[in-house]
Amino acid sequence: MNESHRLAEASSPADDIPTEPGTSAKVSEGRPFRRYVVSYAFALMGFFMLFGAVGGILLPNQVQGIEFDNFFTGADRGADLHQLSDLKAQVESGSVTPSVDQQRLLTILDRFESARAQSLSYVQAAAVFVAMFIQPITGVLSDRTRSPWGRRAPWIVGGAVLGTLLLIGLRYSPTIAYMAVFWALSQLLLNVSSVPLTATVADRVDARRIGMASAISGLCSMLGAAVGAVGAGLAFDTLGLDAYYPFALAFVVLAALFVLISRDRSSMQLTTAPMEWTDTLRSFVIPLRDSDFRWVWFAKIVMMFGYSISILYSIYMLQSYVHPALSPSEATKIAPLLQVAALPCMLVAMVVAGRWSDRIGRRKPFVFWTSVLMAASMLVPLVWASVPALFVQAVIAGVALGGYVVVDQALFIDVIEDKKTAGRDLGMASMAGNLGQGIGPIIGGQVVALAGGYRAVWVVAAVVVLAAAAAIIPVKRAR
């Protein structure tokens with residue numbers, strides 16, 4: 001064994017249970033476990049902070065800036081979106097008759113709003129689809145990686161560094177097309193980092209502590225996204241699009257610290273069987289042959305489809321849908337607070353629904369009624385177009401989503417026929433969520449363009465989420 005191998009073995013925690021050569025040591029208590037959990041929690045939070053900042057705040061503002069320059073040119077470049085939105089509301093209410101020049105600007109505003117919504121949907125959807133397909137591939141490749149730092153470390157650090165470097169290209173993208181390319185490539189590499197990061201839980205945590213580690217993962221993902229969105233909302237006023245940099249740097253540093261502080265064992269002795277890519281990829285569709293799994297899979301797609309439509313345009317709705325409308329700066333600060341308001345309710349719902357479902361041994365009623373509750377939340381801003389209505393909707397939707405995600409995962413486990421392939425089948429379950437989040441923005445952008453505003457978004461989202469509730473009814477192998 002060479003020197004690097006000896007160092008890796010020496011820095012690893014002692015095994016709690018036997019492991020195969022080249023795989024990770026299991027930890028369950030003491031300093032090694034605390035070191036792993038703390039460093040993992042911060043790395044995962046850094047990842048979701050980055051996505052909360054970029055996806056929730058920076059991308060919508062960057063898209064808005066590019067489209068504004070496309071539509072408001074020449075003498076119109078100094079147009080005030082806030083004032084135009086107020087004028088539009090007054091004209092629609094019949095309290096003001098616009099002049100010829102005002103009507104011209106309102107026509108441009110309508111075209112701008114449609115283009116803004118469609119462009120954001122294309123940028124977001126392209127990235128989601130790329131991430132969706134790279135996740136299972138990265139998981140398979142990292143399973144088979146040999147390195148002195150373990151199977152996952154090269155992917156965690158390499159993906160973080162390269163993915164955040166691509167954010168520089170995103171920050172300076174001059175067109176929507178460039179944004180779509182750079183954000184998709186960045187998401188690809190950032191997921192190359194995050195998938196092996198989350199896989200370390202299964203690698204390194206003893207079965208007795210998996211529940212605790214999974215709870216930490218869920219908490220860090222939601223808390224990180226909220227903190228990232230709030231931080232970006234505050235930073236945007238002073239840094240503008242340069243706010244990309246601190247969040248990108250934070251993730252790289254936290255990912256590197258995880259690898260250094262909670263160092264894994266060498267995987268140089270790992271033995272792997274030859275892999276047939278065709279057979280591996282084909283196996284992912286096997287669970288869809290089962291009707292129960294197919295219904296639950298479809299329900300998750302349409303649930304996340306409807307939810308993603310409802311949250312995609314928060315910043316834009318605060319500027320163009322609610323009355324009174326907010327300025328771009330005000331909307332950037334208020335939008336992340338919607339996530340903050342929903343977070344406590346979501347966490348409570350996760351705990352209550354999970355325990356209640358386990359106690360009574362039933363899943364279908366929880367998935368059905370949380371879907372109905374999600375649809376009902378979307379009626380609030382539909383009939384009451386105001387900032388308070390968006391907060392009410394966010395809180396109710398947070399309760400619904402918190403209860404849904406916990407019990408839906410359990411429902412998937414209940415309907416899996418062969419528990420030996422649970423990892424593969426639950427991977428397909430995750431893909432359903434990603435697929436819904438990818439389709440949602442595309443449809444949402446078209447809805448805004450065709451309907452000429454955001455009101456129809458709430459109608460479409462509510463109807464689609466109700467379809468998720470209906471899809472649970474035919475499931476037979478679970479109560």
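All values reported here derive from a predicted model rather than from experimental measurement.
Contacts classified as salt bridge (Lys or Arg N to Asp or Glu O under 4.0 Å) and involving residues 303-315 (residues at least two apart or in different chains) are not found.
At least one side-chain heavy atom of Trp297 sits under 4.5 Å from a side-chain heavy atom of Leu435. Considering only heavy atoms from C-beta on, Lys88 comes within 4.5 Å of Leu109 through its side chain. Between Ile168 and Tyr244, the closest side-chain pair of non-hydrogen atoms is not below 4.5 Å. Side-chain contact between Val448 and Gln118: absent, with no pair of heavy atoms (C-beta onward) separated by less than 4.5 Å. In this structure, the side chains of Val465 and Met374 come closer than 4.5 Å at one or more pairs of heavy atoms. Two residues are said to be in side-chain contact when any heavy atoms from C-beta on lie closer than 4.5 Å; Leu197 and Arg152 fail this criterion. The shortest distance between side-chain heavy atoms of Met317 and Tyr454 falls below 4.5 Å. For the pair Gln124/Trp183, a side-chain contact is recorded, criterion being any heavy-atom separation below 4.5 Å from C-beta on.
Here the shortest heavy-atom pairing between Phe47 and Leu190 reads CE1-O, 3.6 Å. Nearest heavy-atom pair, Val63 versus Leu120, reported as atom, atom and distance to 0.1 Å: CG1-N, 3.9 Å. Across all their heavy atoms, Phe258 and Ala43 have their closest contact at CB-CB, 3.9 Å. Across Gly46 and Phe251, no two heavy atoms sit closer than the pair C-CD1, 3.7 Å. Considering every non-hydrogen atom in both Val395 and Ala341, the closest pair reads CG2-O, 3.9 Å. For Ala125 against Ile442, the heavy-atom pair with the smallest separation is CB-CG1, 3.4 Å.
In this structure, CE on Met222 lies 8.5 Å from CG on Leu401, to the nearest 0.5 angstrom. Note that OG of Ser194 and CG of Leu50 are 10.5 Å apart. Values are rounded to the nearest 0.5 Å. Of the inter-residue distances, the one linking Leu382 atom CG with Trp458 atom CH2 reads 9.0 Å to the nearest 0.5 angstrom. Residue Ser327 holds its OG atom at 5.5 Å from NE2 of His82, rounded to the nearest 0.5 Å. The CD atom of Gln62 sits 13.5 Å away from atom CD1 of Ile57, with the distance rounded to the nearest 0.5 Å. Rounding to the nearest 0.5 Å places CD of Gln393 at 8.5 Å from CG of Leu338.
Counting heavy atoms of neighbouring residues, nucleotides and ligands inside a 6.0 Å radius, atom CZ of Phe42 does not exceed 12 of them. Annotation: Phe68, atom CZ; neighbour count of heavy atoms from other residues, nucleotides and ligands within 6.0 Å is above 12.
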ask   = Hey, mind stepping through Ile315 and Leu318 against side-chain contact (heavy atoms from CB on, under 4.5 Å) and telling me if it holds?
value = CA-CA 5 Å; Ile315 287 181; Leu318 288 166; 5.6 Å; no
task = Could you walk me through whether Gln64 and Gln319 pass the side chain to side chain donor-acceptor pair (under 3.5 Å) test, one step at a time?
result = CA-CA 11 Å; Gln64 179 166 280; Gln319 298 177 57; 3.1 Å; yes
inquiry  = Could you walk me through whether Trp295 and Ile472 satisfy the side-chain contact (heavy atoms from CB on, under 4.5 Å) test, starting with their C-alpha distance in whole Å, then the side-chain angles of each, then the deciding distance to 0.1 Å, before giving a yes or no?
reply    = CA-CA 6 Å; Trp295 279 117; Ile472 294 299; over 6 Å; no
task = Could you please spell out the steps behind the side chain to side chain donor-acceptor pair (under 3.5 Å) verdict for Trp384 and Ser386?
result = CA-CA 6 Å; Trp384 180 27; Ser386 67; 3.0 Å; yes
message = If you apply the rule side-chain contact (heavy atoms from CB on, under 4.5 Å), what do you find for Met303 with Tyr404, and how did you get there?
response = CA-CA 9 Å; Met303 175 67 163; Tyr404 178 89; 3.7 Å; yes
key: Verdict with supporting geometry, Asp237 and Thr332, side chain to side chain donor-acceptor pair (under 3.5 Å)   = CA-CA 9 Å; Asp237 261 354; Thr332 298; over 6 Å; no
request  = Kindly indicate, with the supporting measurements, whether the criterion side-chain contact (heavy atoms from CB on, under 4.5 Å) is fulfilled by Tyr40 and Leu254.
outcome  = CA-CA 9 Å; Tyr40 169 75; Leu254 291 170; over 6 Å; no
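No side-chain donor-acceptor contact under 3.5 Å links Tyr307 to the backbone of Gly436. With hydrogens and angles disregarded, no donor-acceptor distance shorter than 3.5 Å links the side chain of Thr370 to the backbone of Gly403. Distance alone, capped at 3.5 Å, is enough to place a donor-acceptor pair between the Ser193 side chain and the Ile156 backbone. At least one donor-acceptor pair closer than 3.5 Å links the side chain of Lys364 to the backbone N or O of Ile473. Counting only distance, with no hydrogens or angles, the side chain of Ser186 and the backbone of Gly163 share a donor-acceptor pair below 3.5 Å. Ser95 places a side-chain N or O within 3.5 Å of a backbone atom of Gln90 that can act as its donor or acceptor partner. Using modelled atom types, one side-chain atom of Ser173 and one backbone atom of Gly169 make a donor-acceptor pair closer than 3.5 Å. Formation of a donor-acceptor pair under 3.5 Å by the Ser121 side chain with backbone atoms of Pro441 is found in this model.
Using cut-offs of 30° and 60° on the angle between ring planes, the pair Phe112 and Phe71 is perpendicular. Classification of the Tyr172-Tyr245 ring pair by plane angle, with boundaries at 30° and 60°, yields tilted.
With respect to Glu67 and Arg111, no salt bridge is recorded, no charged nitrogen being found less than 4.0 Å from a carboxylate O.
When the side chain to side chain donor-acceptor pair (under 3.5 Å) test is applied to Thr107, no partner is found at least two apart in sequence or on another chain.
A cation-pi arrangement, defined by a distance under 6.0 Å to the six-membered ring centre and an angle within 45 degrees of its axis, is present between Arg116 and Tyr316.
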